[in-house]
2 protein chains.
Amino acid sequence: MNISDAAAQAGLPPKTIRYYEEIGLVTPDRDPNGYRAFSDVDIHNLTFLARARALGFSIQECRALLALYEDKGRASAEVKKIAKGHLEEIERKIADLTAMRDTLTHLVHACHGDDRPDCPILESMGGRES
Amino acid sequence: MNISDAAAQAGLPPKTIRYYEEIGLVTPDRDPNGYRAFSDVDIHNLTFLARARALGFSIQECRALLALYEDKGRASAEVKKIAKGHLEEIERKIADLTAMRDTLTHLVHACHGDDRPDCPILESMGGRES
DNA sequence: ATAAGGCCTCCAGTCACTGGAAGGTCAAGA
DNA sequence: TCTTGACCTTCCAGTGACTGGAGGCCTTAT
C-alpha cells in the first residue's frame with residue numbers, strides 16, 4: 001500500500017507518516033522503485049499512533065505505548081502508569097485553562113467594548129497590581 | 001536598570017526579555033558599555049507582557065494588545081474583540097482536553113493494571129474500531 | 001508522446017522560547 | 001594591582017511535532 005492510501009486508512013497526513021518513519025515509529029518496506037510499501041501491521045500501528053496522538057499522548061509516550069502494544073507479554077500496569085501520568089498532565093492543563101478562562105470571562109464582561117478608551121482588560125494587565 | 005533586575009521586576013527570564021527585544025516587543029536603550037538599560041516604561045511594558053502571556057495570549061495578540069495599551073485614544077471594543085477571540089480558543093482547548101480526560105479516565109478505570117497483558121487502554125487504541 | 005498526478009528527498013519554517021559557548025565588563029576583596 | 005566571580009553581550013543550535021515547498025523521478029491515462 002502506498003503512502004496516500006496508508007494516510008487515508010490511518011487518518012494521518014502523508015507528511016506526518018514520513019516524519020514518523022524518520023523518527024523510527026514505523027519502518028515500512030520499500031518497493032523496488034523506492035516507494036514506501038505499508039503492510040497491514042504498519043497500517044495498524046499508524047492507526048494506533050493516530051488514536052494515541054488524538055488522546056494527547058506525546059510522541060515519546062506513543063513510542064512507549066506502541067512498544068507495549070507490540071509486546072504480547074507486557075504488564076498492563078505499565079500502560080496504566082503512562083496513561084495515569086498523562087491524565088494528570090491533562091488535568092493540570094484543564095485547571096490552568098479554566099483559571100485563564102475565568103479571569104478572561106470576568107474581564108470581557110467588565111469591558112463595555114465601545115469606542116471609548118477605558119478598558120478593564122488593559123488595566124488589569126498594566127495596573128500597579130494584578 | 002540592568003536586565004536581571006528588569007527580569008525580576010517583570011517576572012520573566014532575562015533570555016525571554018532579550019527575545020522580546022529581538023522581535024521588537026520592547027526597545028530598551030543601551031548604556032555606553034552596551035548593557036541594556038530598562039526605563040520604567042520598559043518595565044511596565046514587560047510586566048504587561050508577562051501578564052498577557054500568563055493569560056495565554058499569543059505573541060501576536062500581545063503585540064496588538066501592547067499597541068492598544070500604549071494608544072491612549074484606543075477603542076476598548078478592539079481590546080474586547082481580541083480578548084473574546086482568545087477566550088473562544090481557550091474554551092475550544094478546554095473542550096478538547098475535557099473530552100480526552102473523559103475518555104482516558106474511563107480507560108484508566110477499566111484497566112486492572114497488574115502484571116497481566118490484557119489492557120483495555122491498548123485495545124481501544126489498536127482495536128478494529130474506536 | 002505527453003500530461004497529470006503521486007512519489008521521493010532535502011531544506012526551511014513554525015512558536016516561544018531555552019541552553020550553551022565565547023568573550024567583554026564591573027565591583028569587591030587580598 | 002590583581003584576581004575572582006558575577007554580571008553582561010552576541011550568536012548558534014535545539015526543542016516538539018509537524019508543515020510547506022522546491023526539484024526531480026515514476027506511473028497511469030489519454
Side-chain angles (χ1 to χ4, degrees), chain A residues 1-38 42-43 45-46 48-66 82 85-86 89-90 93 96-97 100, chain B residues 1-39 42-43 45-46 48-66 85-86 89-90 93 96-97 100:
Chain A
M1 194 184 289
N2 277 352
I3 198 167
S4 60
D5 294 326
Q9 286 281 317
L12 289 170
K15 277 273 190 191
T16 299
I17 296 178
R18 291 195 190 98
Y19 173 68
Y20 285 174
E21 184 189 27
E22 191 187 321
I23 62 173
L25 282 180
V26 279
T27 49
D29 285 346
R30 296 288 179 135
D31 284 335
N33 61 11
Y35 286 20
R36 289 169 183 81
F38 293 87
D42 291 326
I43 299 299
N45 285 356
L46 286 171
F48 180 93
L49 288 168
R51 288 183 185 157
R53 294 286 299 132
L55 284 173
F57 286 97
S58 72
I59 291 287
Q60 283 314 315
E61 286 167 335
C62 287
R63 201 185 290 278
L65 289 172
L66 191 56
I82 295 173
H86 180 48
E89 206 187 310
I90 288 178
K93 284 186 188 166
D96 285 354
L97 287 170
M100 285 182 199
Chain B
M1 195 186 287
N2 277 350
I3 198 167
S4 61
D5 294 326
Q9 286 281 318
L12 289 170
K15 276 272 189 192
T16 299
I17 296 178
R18 291 196 190 98
Y19 173 68
Y20 286 175
E21 184 190 26
E22 192 188 321
I23 63 174
L25 282 181
V26 280
T27 50
D29 285 347
R30 295 290 178 133
D31 284 335
N33 61 12
Y35 287 19
R36 290 170 183 82
F38 294 87
S39 69
D42 290 328
I43 300 299
N45 286 357
L46 286 171
F48 180 93
L49 287 168
R51 288 183 185 156
R53 294 286 299 132
L55 284 173
F57 286 97
S58 73
I59 291 287
Q60 283 314 314
E61 286 167 334
C62 287
R63 201 185 289 279
L65 289 173
L66 191 56
H86 180 48
E89 205 187 312
I90 288 178
K93 283 186 188 167
D96 285 355
L97 286 170
M100 284 182 199

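Quick note on labels: first sequence line is chain A, next is B, and so on, each numbered from 1. Just so it is clear, the values below take in all heavy atoms, side chains as well, and ignore hydrogens, waters and symmetry mates.
Heavy atoms of B/Pro13 sit under 4.0 angstrom from primed sugar atoms or phosphate atoms, though from no base atom. Contact annotation for A/Ile3: backbone-only contact, meaning every heavy-atom pair under 4.0 Å involves sugar-phosphate atoms and none involves a base.
Between B/Glu21 and A/Tyr20, the residue whose closest nucleotide on DNA chain D is further toward the 5' end is B/Glu21.
The distance from atom CD of B/Glu22 to atom P of C/dC17 is 12 Å, rounded to the nearest whole Å. Nucleotide C/dC7 holds its P atom 17 Å from the CG atom of A/Asp29, rounded to whole Å. The CZ atom of B/Arg18 sits 13 Å away from the P atom of C/dT18 (whole-angstrom rounding). Residue A/Asn33 contributes atom CG, which lies 14 Å from atom C1' of C/dT9 at whole-angstrom precision. Atom CZ in A/Phe57 sits roughly 18 Å away from atom P in D/dG16 (whole-Å rounding). Atoms OH (A/Tyr19) and C1' (C/dC8) sit 19 Å apart, rounded to a whole Å. Atoms NZ (B/Lys15) and C1' (D/dC7) sit 14 Å apart, rounded to a whole Å. If you measure from atom CG of B/Asp5 to atom P of C/dA27, you get 13 Å, rounded to the nearest angstrom.
In this structure a side-chain-to-backbone donor-acceptor pair under 3.5 Å is present from B/Arg63 to B/Ile23. Checking side-chain atoms of B/Asp42 against main-chain N and O of B/Ser39 turns up a donor-acceptor pair under 3.5 Å. Between the side chain of B/His86 and the main chain of B/Ser58, no donor-acceptor pair closer than 3.5 Å is present.
At C/dC26, none of the side-chain N or O atoms of B/Tyr35 fall inside 4.0 Å of OP1 or OP2 (strictly under the cut-off). For the pair B/Arg36 and C/dT25, the criterion of a side-chain N or O lying under 4.0 Å from OP1 or OP2 is not met. Put simply, B/Arg63 has no side-chain N or O that comes within less than 4.0 Å of OP1 or OP2 on C/dA16. For D/dC18, one of the phosphate oxygens OP1 or OP2 lies less than 4.0 angstrom from a side-chain nitrogen or oxygen of A/Arg53. Proximity of B/Thr16 to the phosphate of C/dA16: no side-chain N or O atom is located under 4.0 Å from OP1 or OP2. Residue B/Ser58 has no polar side-chain atom (N or O) positioned under 4.0 Å from OP1 or OP2 of C/dC15.
Ion pairing between a basic and an acidic side chain is recognised when a charged N comes within 4.0 Å of a carboxylate O; B/Arg18 and B/Glu22 show no such pairing. Looking at B/Glu21 and B/Arg30, a side-chain N of the basic residue comes within less than 4.0 Å of a carboxylate O on the acidic one, giving a salt bridge.
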